[in-house]
Protein chains: 2
Amino acid sequence: MPTLKDVARASGVSVMTVSNVVNGRPRVSEATRRRVLEAVDELGYQVNLTARSLRAGRSGTIALSIPRVDHPYFAELAAAVTDALLPSGQHLVVEQTGASREGELSALSQARLQMYDGVLLSVVGLRDSEVARLHSDMPLVLLGEKPMPTQRDHVMLGNFEGARLATAYLIERDARHVAIVGGVADDAPAGMEGTRTAGWRAAHEEAGLVPDERLILPPDHFAMAESRATIGAAIDAGLEIDGVFAVTDQVAIGVVAGLHDRGLRVPDDVQVVGFDDLEVSEHLVPGLTTVDPRVDLVVAEALRLLERRMSGDEGAAEHLVMPVRLVVRGTTR
Amino acid sequence: MPTLKDVARASGVSVMTVSNVVNGRPRVSEATRRRVLEAVDELGYQVNLTARSLRAGRSGTIALSIPRVDHPYFAELAAAVTDALLPSGQHLVVEQTGASREGELSALSQARLQMYDGVLLSVVGLRDSEVARLHSDMPLVLLGEKPMPTQRDHVMLGNFEGARLATAYLIERDARHVAIVGGVADDAPAGMEGTRTAGWRAAHEEAGLVPDERLILPPDHFAMAESRATIGAAIDAGLEIDGVFAVTDQVAIGVVAGLHDRGLRVPDDVQVVGFDDLEVSEHLVPGLTTVDPRVDLVVAEALRLLERRMSGDEGAAEHLVMPVRLVVRGTTR
DNA sequence: CTGAAAGCGCTAACAG
DNA sequence: CTGTTAGCGCTTTCAG
């Protein structure tokens, strides 16, 4: 690959002048500019972004770090970030952590993150202390799921509120045996599932009902196939269920399929509510009643905070919980 | 951020020794190694990957460039690449081009790509000449859709074969008015839609039928909502349709919803076949009959070719078309 | 308007 | 086993 030096030699000027031309800086005579550009063209010169980053201390790119792109929720999050970032001219890359602590630790090694001017980080398995250890003047905003009492900006979905809304709606629609698929026991470590399970509990209590702990069906990687099997097994075991709050839309899709496998009709026999409002959820037959997590709001706030940090603000960390809303479709009566 | 120099000073050795320790090179006495590691810990030293890349000429990361992560097919492609790459210890980042030519051009600027040791590129809008212009000794493998007569390695899905299989199956199951949603006219520029439309035509001809050009319903960004509207409008216009080959599963999901909107039953009144075999397609009710594009094979081949290039092979470019298979589920009789 | 020098942080090559 | 030198390609600073 040709370098500035090569172009300089070819056009008979110094590297500095070439740099000035290439970067569109003023104070270059029209004649030399043309000569330089010719050489650039001729040699096919392209800046070396690595060298520029090293020198400049900035890379012009920001990273979004998510567990996996094939979890539709994260894919939609990534798309929302991409769209929101488009006007700013910043370049975005997506890093996948693999949903495991090890993966997160490696994708999040300080060294890696240092290559970016800013990072949006959707944490799943990391401990608070691990996040805290990240170099503190790296602009970084946490996204999503679990409460983290860190000194970093953090934008969360309304997990509790959404779960509460979803469950309350099922109860309002006369479901009296509302299972939560993807729920966790009371003493599980806090996380997305835990918070949503708490919302499920709260809705019961507000309605004067006692949540049936046997109806907490554990998560299985939040995948469709596993959820389908889980609800099937619950039915087979003779559990009486007339409503399901699925902790994600992916789970909900599996649940609907599993109910259908057992000859149960949705919503006539069992009503189902999901969480995420994926694109596909609107176009299922019947359409999935679900919680819209307002990813657009989450992303807008996160980028606002990130830009603030990137421009050097050292103020106190903000912890935001964004509002959600229930979207009623055909899987509820 | 502390640098090697800082660590060297703190531990009273030269930067080179610190470098040797940090990189686990042999020939360092146990005593100095310990002293250095202490200083590393104390100062919180982390290598600067930018500097290392500049020096080494390699970054240790490869890029997958796709139009958007929220197109489920590409998300699944990205996941497959991630999984396949995991054992190799290479780091992967996902670049989104935005499905527009401009986006691709910018994400694919030579400068950007140079930062990676290798690139898997899923081209959509680029012209052959633009791809050809990329610096030729950059290890790069093209993935996917349209035939490109370039000098680069290229792994394609069996677009034609899949469309032919899907359409033939509909005809075999007694559909006689098989629409293609997402199809394009004969003279459209070659691309995924064009190739799949050709497969739809071929299946008709092989069955001794004449494809009805009015049943080519144009693509609308391959989104669910648009496809739903498109099929609805076609029904409203009085077109007789008893089978639909949807060019992607996303389109198929929209089509199923649109048919349902009009009171048509799937598969009783209209049979539907998709293309992609997304995770969700298996768990729809009824399950979607679709073409499995064997992304696993595509990815395995692509990485094989990429590794070959990355290890310096200058041999002739390979152009592969991978086999596909039909997955029969509930949307066909 | 143009250029020379210095150095971003790292490592390969060679000396000691 | 440890240190010195040089330089990856670029841009900031300062001098012409």
Side-chain angles (χ1 to χ4, degrees), chain A residues 1-37 39-40 43-61 109-117 135 137-138, chain B residues 1-37 39-40 43-61 109-117 135 137-138:
Chain A
M1 286 299 299
T3 72
L4 275 190
K5 218 189 206 165
D6 299 323
V7 179
R9 194 164 15 202
S11 49
V13 296
S14 75
V15 287
M16 207 45 236
T17 299
V18 179
S19 173
N20 284 331
V21 170
V22 166
N23 291 285
R25 284 189 271 262
R27 299 171 181 229
V28 180
S29 79
E30 204 35 61
T32 45
R33 151 165 282 116
R34 199 166 28 243
R35 210 139 41 85
V36 168
L37 287 178
V40 163
L43 301 179
Y45 169 78
Q46 297 273 348
V47 262
N48 179 324
L49 291 180
T50 306
R52 176 183 281 175
S53 296
L54 178 60
R55 183 63 239 233
R58 292 179 304 97
S59 62
T61 109
S109 74
Q110 193 61 254
R112 189 109 251 149
L113 296 186
Q114 220 108 84
M115 305 188 69
Y116 303 111
D117 295 347
H135 191 65
D137 41 87
M138 145 117 283
Chain B
M1 286 300 298
T3 71
L4 276 190
K5 219 190 208 166
D6 298 323
V7 178
R9 194 162 15 198
S11 49
V13 298
S14 75
V15 286
M16 206 47 233
T17 300
V18 179
S19 173
N20 285 332
V21 170
V22 166
N23 291 285
R25 284 189 271 263
R27 299 172 181 229
V28 179
S29 78
E30 205 35 61
T32 43
R33 150 166 282 116
R34 199 165 30 240
R35 211 139 40 84
V36 168
L37 287 177
V40 162
L43 300 179
Y45 170 78
Q46 296 274 348
V47 263
N48 179 324
L49 290 180
T50 306
R52 176 182 282 175
S53 295
L54 179 59
R55 180 64 236 233
R58 293 179 305 96
S59 62
T61 109
S109 75
Q110 193 61 253
R112 189 109 251 149
L113 295 187
Q114 220 108 88
M115 305 189 68
Y116 303 111
D117 295 347
H135 191 66
D137 39 87
M138 146 116 283

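Chain letters run A, B, ... following the sequence lines, proteins first and then strands; every chain starts at 1.
Counting to the nearest Å, the C1' atom of dC10(C) and the CG atom of Leu54(A) are 8 Å from each other. A straight line from CG of Asn48(B) to P of dT11(C) spans 9 Å, rounded to a whole angstrom. Rounded to whole Å, atom P of dT11(C) lies 6 Å from atom CZ of Arg25(B). In this structure, CZ of Arg33(B) is placed 13 Å from C1' of dT2(D), rounded to the nearest angstrom. One interatomic measurement links the two molecules: NZ of Lys5(A) to C1' of dA5(C), which rounds to 13 Å at whole-angstrom precision. Distance, Leu4(B) CG to dT11(C) P: 6 Å, rounded to whole Å. Distance Asp6(A) CG to dC10(D) C1': 13 Å, rounded to the nearest Å. Atom CD of Glu30(A) and atom C1' of dT2(C) are 16 Å apart (whole Å).
Within the 3.5 Å criterion, the main-chain N or O of Thr3(A) finds a donor-acceptor partner in the side chain of Asp6(A). Thr17(A) contributes no side-chain N or O that, together with a main-chain N or O of Val13(A), makes up a donor-acceptor pair within less than 3.5 Å. Judged purely by atom type and a 3.5 angstrom limit, Thr50(B) has no side-chain atom pairing as donor or acceptor with the backbone of Met115(A). Under a 3.5 Å cut-off, the side chain of Asp117(A) and the backbone N or O of Gly60(A) do form a donor-acceptor pair. Judged by distance alone, the side chain of Ser19(A) and the main-chain N or O of Val15(A) form no donor-acceptor pair under 3.5 Å.
Listed pair Arg52(B) / dG9(C) fails the phosphate criterion, with no side-chain N or O lying under 4.0 Å from OP1 or OP2. OP1 or OP2 of dT2(C) has at least one side-chain nitrogen or oxygen of Thr32(A) nearer than 4.0 Å. Using a 4.0 Å cut-off, some side-chain N or O of Ser29(B) falls inside it from OP1 or OP2 of dT2(D).
For the pair Ala10(B) and Ala39(B), the tightest heavy-atom approach, listed with the atom from each and the gap, is CB-CB, 4.1 Å.
Looking only at side-chain heavy atoms (C-beta outward), Thr32(B) and Val21(B) stay at 4.5 Å or farther from each other.
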Write out a two-atom table: protein N or O, nucleotide N or O from nucleotides 3-6 of chain D, distance below 3.5 Å.
| residue | atom | partner | partner atom | Å |
| --- | --- | --- | --- | --- |
| dG3(D) | OP2 | Ser14(B) | N | 2.9 |
| dG3(D) | OP2 | Ser14(B) | OG | 3.3 |
| dG3(D) | OP2 | Thr17(B) | OG1 | 2.9 |

